[in-house]
Amino acid sequence: MKHSTTPQTRRGHRGGPARRIGRTLALVLPVVLVLSGTLAVTRVNWTGSPSSSVLAASDVSSVEVSAKKVTRAPQDVLRDQLMTELQHKNPGAVLTHLQQAVNGRPSLARHCSSIARALGRAAVHLYGASRAQSYARPVCDTAFASGVLAAHS
């Protein structure tokens with residue numbers, strides 16, 4: 001038997017354990033680096049002012065939620081108040097309060113129709129279409145009636 005001095009290559013062999021470990025590291029290592037870098041960045045005080053308390057990434061969402069509650073638009077506040085009032089009073093009284101709010105604060109006039117439509121849709125859910133329609137009147141044109149119609153269709 002004669003041995004050759006040239007190394008023989010195995011065909012169909014994908015590599016040994018070292019090659020498998022290398023491939024696994026090539027896939028896993030970038031993910032680990034990205035995640036650790038992301039976590040590190042969330043803990044850095046980027047404001048430049050020295051502070052002992054650092055805002056964690058998990059705290060950001062609660063800060064954003066409380067900021068949204070503080071800076072709500074006046075029309076959103078009014079709509080929510082009137083929707084709550086609709087649960088306890090008839091739509092006629094709620095429409096009167098909508099008209100009074102718009103008269104007292106003219107900047108709300110451009111939102112009057114959308115609020116009245118929302119009240120109309122909600123009134124259909126509470127009272128049914130025909131009873132809700134009986135409360136319709138020309139507050140913000142006919143927006144309440146169109147809200148009733150939209151919810152009934």
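Counting from 1, the numbers follow the sequence of the chain as shown.
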Next item on the list: Kindly give the heavy-atom pair with the smallest separation between Pro91 and Phe144, and that separation in Å.
Entry: CB-CZ, 3.8 Å
Checklist line | Where at least one partner belongs to residues 93-105, residue pairs that pass side chain to side chain donor-acceptor pair (under 3.5 Å), sequence neighbours excluded | finding: Glu85-His97, Thr96-Arg137, Gln99-Asn103
Margin query: Per the side chain to side chain donor-acceptor pair (under 3.5 Å) rule, what does the pair list look like for residues 121-136, sequence neighbours excluded?
Written below: none
Notebook entry, point to check: Taking only residues two or more places apart in sequence, or in another chain, which ones meet Asn90 in a side chain to side chain donor-acceptor pair (under 3.5 Å)?
Noted result: none
Note to self: My understanding is that only residues two or more places apart in sequence, or in another chain, count here; which of them pass side chain to side chain contact (heavy atoms under 4.5 Å, CB included) with Leu126?
What the structure shows: Leu86, Gln87
Notebook entry, point to check: Do you know the tightest heavy-atom contact between Ala143 and Ser113?
Noted result: CB-O, 3.3 Å
Item checked: Spacing of CG belonging to Leu82 relative to CD1 belonging to Ile115, to within rounding of 0.5 Å -> 6.5 Å
Checklist line | Which residues share a side chain to side chain donor-acceptor pair (under 3.5 Å) with Arg117, sequence neighbours left out | finding: none
Checklist line | Nearest-0.5 Å distance, CG of residue Asp80 to CD of residue Gln75 | finding: 10.5 Å
Item checked: Residue pair Val148 / Ala132: nearest heavy atoms and the distance that separates them -> CG2-CB, 4.1 Å
